[in-house]
Amino acid sequence: MTVTLRFEDGAVVVDADDLDPTTLPGVERDDRTGSHRAPAHRYREIREALDERGIDLDDRLERAAPLDLSLRYDLRDYQEEALDAWHDNGERGVVELPTGSGKTVLALAAIAELGVPTLVVVPTVDLLEQWRRELESEFDVPVGQFGGGEQRAEALTVATYDSAYLRADDVGGDFGLVVFDEVHHLGGEGYRDIARLFAAPARLGLTATFERPDGAHEVVAELVGPVVFELDADALAGEHLAEYEVRKIEVRLSESEREEYEREQGTFVDYVRDAGITFSSGSDYQELVYRSGSDPRAREALLAKQRAREVMMNADAKLEELARIFERHRGERIIVFTAHTDLVYRLSERFLVPAITSETGAAERREILRRFREGEYTRVVAANVLDEGVDVPDASVGVVISGTGSERQFTQRLGRVLRPGSDGEKRAVLYELVTSETAEERVAARRR
DNA sequence: TTGACTCAACATCCTTTGCTACAA
DNA sequence: TTGTAGGTTTCCATGTTGAGTCA
């Protein structure tokens, strides 16, 4: 008795004469084609089930020859430990390590050890190029690329999440290992299909912030594997990352700002009370948004909330405070983070500091970051662009003028000041400016 | 190759005080 | 008794990105 497995359009197709394929994990009969198939990610389970029953297998999935790769780096203790934990879990799982702690090196080691065709999936074109450079210089083999205007497959290939999704039907059976960089993205409604459509038995997820507020990290754990190793910034501070300190500075609204804030916030709170919305479950806010589609008062309440948020986040007193921080850290490299692009341009004009937002073109962005790296600029102000997925030069001071309640964003911003300087004993500071007696106090509390 | 554009996807967007069912 | 989680759909706005198209 022989069973044949092959890959077709994001699924594993099972051909068998004397065996009922639906007894295998995830396999169902497809009435349209008359074949038996399972989502590609069940491939490994199906193989294991067949092995257990001692059934001969004609496996047509793994095509490319094994790779002979060696790593020139020495791993640090914790990287070694993380890798062992991943092996112990059967080459599946997520490693949670802070920015700058060498997640890439860890993945390179995993790729070298397994020596199977590997796809690395990343969220941005910037990271796409970084990873390709890294793989090429480390392993000295051709590296393929899906995304950023290129579609070329190799035994080692890097892809954006978007392109991985678009190519999955086509190449989902070609890889033995998939590495998901910034794996928390995989929880997105559409992106999670990537993990389902690829057959790769070995999976490694990398992130600094695994948990998602919407709970979708559980889906990720199902598809990639659970967190097998984690360390936070505190555990690495001093030896491998900079010592750091978070300083919260409270500022007050001016009289006119306070008046505007109370008026707008009041409009929102009044509506919420009248409508009987308690925010007892996470979806209550969604409900309010749905209502605003048809109920003008709900819409007005949301818009008022928006304006209130703008007042509290962009308070004038924060600019004065920023001026003092610039004075205190004269000559040091400083990154300023905000939530609104308007404020970025205002700060840029007032302090004569280069600005980066989503409107800044790729060339100009590269140029600003280059000058920042080389010390020509010592300060940069950015909206949310520099939070993730960009290679940002080390800074020793970060200033969060405004941000969301997202723990992820906070961790990422902190990561921007954590990489050790060349002298290895830099002390980093992250300032957090919070407007007192506003909802921002809650927002700031939530992110930590 | 580039730049400008559109489009779709993703992420965040939240108040104070209180009801109900259910698990530990 | 005490704590904890609870079910839905079709979307106010802003910021950011990648893919695709066209000149």
Side-chain angles (χ1 to χ4, degrees), chain A residues 121-129 145-151 159-167 182 184-194 209 212-216 265-310 312-314 337-345 356-365 382-390 402-410 412 438-447:
Chain A
V121 187
V122 303
T124 65
V125 172
D126 239 63
L127 284 171
L128 193 73
E129 278 155 15
Q145 178 174 328
F146 298 146
E150 243 183 87
Q151 298 292 327
T160 60
Y161 277 82
D162 289 76
S163 285
Y165 177 74
L166 293 170
R167 297 299 306 275
E182 310 288 358
H184 48 273
H185 286 283
L186 202 62
E189 207 65 56
Y191 287 163
R192 60 182 71 164
D193 281 341
I194 300 169
T209 50
R212 293 168 54 107
D214 62 1
Q265 180 77 2
T267 304
F268 176 75
V269 173
D270 285 351
Y271 176 80
V272 165
R273 199 174 20 241
D274 291 354
I277 296 169
T278 59
F279 293 105
S280 48
S281 86
S283 54
D284 278 12
Y285 186 80
Q286 273 306 323
E287 154 122 27
L288 179 56
V289 173
Y290 295 146
R291 255 193 233 197
S292 69
S294 53
D295 176 357
R297 272 201 72 206
R299 184 176 138 79
E300 186 42 46
L302 274 176
L303 292 177
K305 177 72 206 170
Q306 194 91 28
R307 289 191 291 267
R309 203 161 47 227
E310 228 159 284
M312 86 187 178
M313 285 183 160
N314 303 345
F337 301 98
T338 78
H340 295 106
T341 50
D342 283 0
L343 184 63
V344 170
Y345 295 124
I356 302 180
T357 71
S358 63
E359 294 162 16
T360 313
E364 189 185 351
R365 200 180 290 195
N384 305 321
V385 246
L386 299 187
D387 291 356
E388 180 195 286
V390 200
S402 55
T404 67
S406 150
E407 192 189 333
R408 163 160 308 123
Q409 184 186 60
F410 187 77
Q412 285 164 340
T438 66
E440 196 169 38
E441 292 180 321
R442 253 195 315 280
V443 172
R446 201 164 59 228
R447 62 185 164 223

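Computed from heavy atoms alone, side chains included, the values below leave out hydrogens, waters and symmetry copies. Quick note on labels: first sequence line is chain A, next is B, and so on, each numbered from 1.
Residues passing the side chain to side chain contact (heavy atoms under 4.5 Å, CB included) test with A/Glu441, sequence neighbours excluded: A/Glu250, A/Val434, A/Ser436. The side chain to side chain donor-acceptor pair (under 3.5 Å) test applied to A/Glu287 returns A/Arg291, not counting sequence neighbours. Scored by the side chain to side chain donor-acceptor pair (under 3.5 Å) test, A/Thr404 finds A/Gln409 as partners (sequence neighbours excluded). Considering only residues two or more places apart in sequence or on other chains, A/Glu129 meets the side chain to side chain donor-acceptor pair (under 3.5 Å) condition with none of them. Residues passing the side chain to side chain contact (heavy atoms under 4.5 Å, CB included) test with A/Arg309 are A/Lys305, A/Gln306, A/Met312, A/Met313, sequence neighbours excluded. For A/Thr338, there are no side chain to side chain donor-acceptor pair (under 3.5 Å) partners at least two apart in sequence or on another chain. Listed by chain and number, the residues in a ring-ring contact (aromatic ring centres under 6.0 Å, His included) with A/His185 are A/Tyr161 (sequence neighbours excluded).
Closest approach of A/Ala383 and A/Thr341 over heavy atoms only: CB-CG2, 4.2 Å.
Atom P of B/dT16 sits at a distance of 27 Å from the matching atom of C/dT8, rounded to the whole Å. Straight-line distance between the P atoms of C/dG7 and B/dT15: roughly 24 Å, to the nearest whole Å. Straight-line distance between the P atoms of C/dT14 and B/dC13: roughly 15 Å, to the nearest whole Å. Only the C1' atoms considered, C/dA13 is 15 Å distant from B/dC14, to the nearest whole Å.
Base pairing of C/dT2 is made with B/dA23, judged by Watson-Crick or G-U wobble geometry with both donor-acceptor distances under 3.5 Å.
Across all strands shown, A/Val443 has no heavy atoms under 4.0 Å from either base or sugar-phosphate atoms. Among the protein residues, A/Arg192 comes within range of no part of the nucleic acid, since none of its heavy atoms lies under 4.0 Å from any strand. Residue-level contact check: A/Tyr161 touches neither bases nor backbone, having no heavy atom under 4.0 Å from any strand. Contact annotation for A/Glu189: backbone-only contact, meaning every heavy-atom pair under 4.0 Å involves sugar-phosphate atoms and none involves a base.
Each of A/Ile277 and A/Arg408 was assigned the nucleotide of DNA chain B with the nearest heavy atom; the assignment lying further toward the 5' end belongs to A/Arg408. With the nearest nucleotide of DNA chain B identified for both A/Arg273 and A/Gly403, A/Gly403 has the one nearer the 5' end.
As rounded to whole Å, 13 Å separates atom P of C/dG6 from atom CG of A/Asp214.
The base of C/dT9 does not come close enough to the side chain of A/Gln286 for any donor and acceptor atom to sit less than 3.5 Å apart. At a cut-off of 3.5 angstrom, counting only N and O atoms as typed in the model, there is a donor on one side and an acceptor on the other between the side-chain of A/Tyr290 and the base of C/dT9.
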- Sequence-aligned protein contact record of nucleotides 13-23 of chain C, with B where the base is within under 4.0 Å of a protein heavy atom and S where only the sugar-phosphate is: SSSSSSSS---
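Where DNA chain B meets chain A (any atom under 4.0 Å from a heavy atom), the bounding nucleotides read 5' to 3' are B/dC10 to B/dG18.
For the pair A/Arg365 (side chain) and A/Ile356 (backbone), a donor-acceptor distance under 3.5 Å is absent.
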